Asker: 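After the structure tokens below, expect a handful of questions from me.
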Amino acid sequence: MGDQLSDSISSLKDCDKDKDVILMCEVWDEATYVKHHKKKIAFIFSAMRHFAKMLKQKGYKVEYVKLDAPSNSGSLKGEAKRMLKKHSLKNLIVTHPSEYRVVKDIRSLKNKSSVSVEIREDDRFLCTPKEFADWAGNRKQLRMEYFYREMRKKHDILMTGKKPIGGKWNYDSENRKIPKKGLSVPSPYTGKTDSITKEVIALVSKRFGKHFGDLKPFYFAVTRDGALKVLDKFIKQRLKKFGDYQDAMLQDEPWMYHSHISFYLNCGLLLPLECVKAVEKAYRAKKAPLNAVEGFIRQIIGWREYVRGIYWLKMPSYSKQNFFNAKRQLPDFYWTADTKMNCLHQCISETKQNAYAHHIQRLMVLGNFALLAGVNPKYVNEWFLVVYADAYEWVELPNVSGMILFADGGYLASKPYAAGGSYINKMSDYCKKCDYKVTEKSGDEACPFNYLYWHFLDSNRKKLIGNNRIGMMYKTFDRMGKDRQRIIRKDSKAFLSSIT
Ligand code: FAD
Ligand code: DLZ
Ligand code: SF4
């Protein structure tokens, strides 16, 4: 599958080059079950074609079905059936698909035919779903930090004996530097478009022209070599400042000091442990400080594994959660970037161009707004799955429903990441170029985040007052007095009815 592009993948482990056939297929169903960003489809198809070419060069027998092949049935299951028949084979071996809907589909092959289906563990991850379930036990709430410490110990990462290097497990408090003026951010990796990528770009332009996003310029790496170069460039040029500016946002700087490797990790061109080891090595060679290295490693062996664990533990019910009973449609500007709120305009425009936004843009701007505006999780999830080239349901859903929308009632995170305009103003320079005034609390010119924050708390009082990390905000709200509260409700109502 398109996110299994690792030659060490479990399904290939005992592959017999003479007898076995490797099936890879570009299928309409996968490309349209949500209307993925054009750049995302081009990236996956090009990476798949390059991977198939590499397998063939290594002597494997590969059946690669292009999207426009006349006999292409349009689905993974359809293609699997067709190939089993064509090659008179009875055994299908797959690495556990990363999404629930695909596992269900593949399993159903077994029921209706004489085919045997062997689903193997996806051992590219550091923690199996079973290990995660054992760790989670019957707890009503999970916390990433404790899971992360277990991963550090189990894989002996940044440890001195049984203790964490530096004496602390987590250096997050050092990772909130306010972005300085004139910070010179290194340029990102720009891959060359070879003939395979050019052909794919033409295909996507023709067949998916109506999907969201800009197809060109196309600069993603599409091979393992290219992805390794991206990792190397990150370690050499960005890692040192990754920690300091992890939460910072700057106008027209979409890439900041982040690594931009999620596309490659999630489709298999890079493996999590090799990235972690390379970064740990840079620390031991004194090429990067501990706050950067620990912060980066935590994202991969902590957050990435944690959200996957929750996905497999809680699916399929997790996708239906809606703790706040949020009902709003997604405002149209999420697709057009046509909004006077500069922070949202920036993050959406960059998403449209790059199929990428960094974590704090996703969390504190795009996610925060959807939470405060009460957008139905179904629409928010769909948007996040469409627009990012690294988005697959296993990682997108827990981040959206759990982290930004608190739709699971606090299973994944201890509080909703709700914030007013002052947070965005502190961590970015967006407010300087905005039509709204971040210092104004009410009225037409006031930053909408300011009143929407209180409106969100007010509307969800019963559900949040008992939360020990956010509950105390109600004391501040109650001290504001009735007039101020009335204005908050009035401004919020007017603003929310103006967005469609
Ligand atoms: P860096 O900041 O350099 O971090 C390094 C790596 O850590 C990332 O490549 C990623 O593999 C991992 N990582 C960091 N944070 C997380 C996290 N919260 N969950 C899982 N892995 C993490 N990440 C995806 O890979 N796919 C998604 O669809 C996705 N959707 C998100 C939706 C929302 C609302 C939020 C708040 C976060 C989402 N993330 C998602 C997590 C994170 O934003 C991206 O992994 C990150 O921005 C990718 O850019 P990077 O490679 O430059 O990351
Ligand atoms: C995302 C994606 C797209 C756009 N297209 C394909 C495809 O044509 N063929 C394929 O095998 N995989 C594709 N993918 C990735 C799959 O959606 C991903 O492998 C599943 O989500 C795994 O469960
Ligand atoms: Fe965003 Fe408010 Fe700042 Fe404008 S003033 S950029 S809406 S936070």
Side-chain angles (χ1 to χ4, degrees), residues 1-4 23-34 36 40-41 43-45 48 65 67 76 79 96-103 105-106 144 208 234 238 242 246 255-267 270 272 275 295-308 339-346 356-367 369-370 380 384-385 387-400 403-405 417 420-425 428-440 446-450:
M1 283 162 212
D3 58 355
Q4 301 189 338
L23 167 64
M24 294 179 69
C25 46
E26 295 167 9
V27 289
W28 191 250
D29 278 9
E30 288 307 304
T32 57
Y33 76 95
V34 292
H36 303 284
K40 177 179 182 183
I41 303 180
F43 165 61
I44 292 170
F45 283 6
M48 284 174 70
V65 187
L67 188 82
L76 293 173
E79 286 313 276
H96 198 286
S98 71
E99 296 189 344
Y100 185 84
R101 72 188 166 85
V102 180
V103 178
D105 218 27
I106 297 289
M144 195 285 295
F208 305 98
F234 165 67
R238 295 178 132 82
F242 172 86
Q246 203 179 343
W255 308 101
M256 294 302 290
Y257 292 94
H258 293 271
S259 64
H260 328 133
I261 60 166
S262 50
F263 326 111
Y264 314 118
L265 274 174
N266 294 353
C267 79
L270 291 177
C275 299
F296 178 81
I297 287 178
R298 175 161 23 91
Q299 305 312 311
I300 296 191
I301 66 167
W303 279 111
R304 188 169 186 270
E305 296 286 330
Y306 179 72
V307 299
R308 178 176 182 260
T339 164
K340 286 197 303 169
M341 286 176 280
N342 185 43
C343 53
L344 281 161
H345 173 76
Q346 271 288 307
Y356 175 83
H358 63 73
H359 186 66
I360 216 70
Q361 294 178 308
R362 297 188 205 196
L363 182 67
M364 297 311 293
V365 178
L366 299 158
F369 185 85
V380 188
F384 274 95
L385 197 52
V387 302
Y388 294 116
D390 58 25
Y392 300 86
E393 194 189 55
W394 67 266
V395 52
E396 171 279 326
L397 176 66
N399 271 297
V400 169
M403 197 180 304
I404 65 170
L405 299 180
Y417 281 89
S422 61
Y423 176 87
I424 295 172
N425 190 34
S428 78
D429 60 354
Y430 293 154
C431 302
K432 288 192 187 111
K433 299 214 167 129
C434 187
D435 285 357
Y436 292 104
K437 294 198 170 100
V438 72
T439 46
E440 298 275 325
C447 165
F449 280 97
N450 290 343

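Numbers here are sequence positions counted from 1. Atoms within a ligand are numbered from 1 in the order they appear, just like the ligands themselves. Keep in mind the model is a prediction, meaning the values are calculated, not measured.
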Asker: What part of Ile44 sits under 4.0 Å from ligand 2 if we count only heavy atoms: the side chain, the backbone, both or neither?
Answerer: side chain
Asker: For ligand 1, which part of Phe242 has a heavy atom less than 4.0 Å away: the side chain, the backbone, both, or neither?
Answerer: side chain
Asker: Specify side chain, backbone, both or neither for Leu265, according to which of its non-hydrogen atoms lie closer than 4.0 Å to ligand 1.
Answerer: side chain
Asker: Taking 2.8 Å as the limit, list every protein N, O or S atom around atom 1 (Fe) of ligand 3, by chain and residue number.
Answerer: Cys343 SG
Asker: Between Lys40 and ligand 2, is there a nitrogen or oxygen pair with a distance under 3.5 Å?
Answerer: no
Asker: Is the shortest heavy-atom distance from the side chain of Leu363 to the side chain of Ile404 under 4.5 Å?
Answerer: yes
Asker: Would Glu393 and Tyr33 count as a side chain to side chain donor-acceptor pair (under 3.5 Å) here? Give the steps.
Answerer: CA-CA 11 Å; Glu393 194 189 55; Tyr33 76 95; over 6 Å; no
Asker: Of the options Val438, Ile360, Val365, which is the one that meets Tyr423 in a side-chain contact (heavy atoms from CB on, under 4.5 Å)?
Answerer: Ile360
Asker: Between Ala357 and ligand 1, find which residue part has any heavy-atom pair under 4.0 Å and reply side chain, backbone, both or neither.
Answerer: backbone
Asker: If I apply the N/O under 3.5 Å rule, does Gly2 come out as touching ligand 2?
Answerer: yes
Asker: Counting C-beta onward and ignoring hydrogens, is there a side-chain heavy-atom pair between Phe234 and Cys275 closer than 4.5 Å?
Answerer: no
Asker: Quick one: does NZ or CZ of Lys40 land under 6.0 Å from the six-membered ring centre of Phe384, within 45 degrees of the ring axis?
Answerer: no
Asker: Return yes or no for this condition: an N or O of Asp3 is under 3.5 Å from an N or O of ligand 2.
Answerer: yes
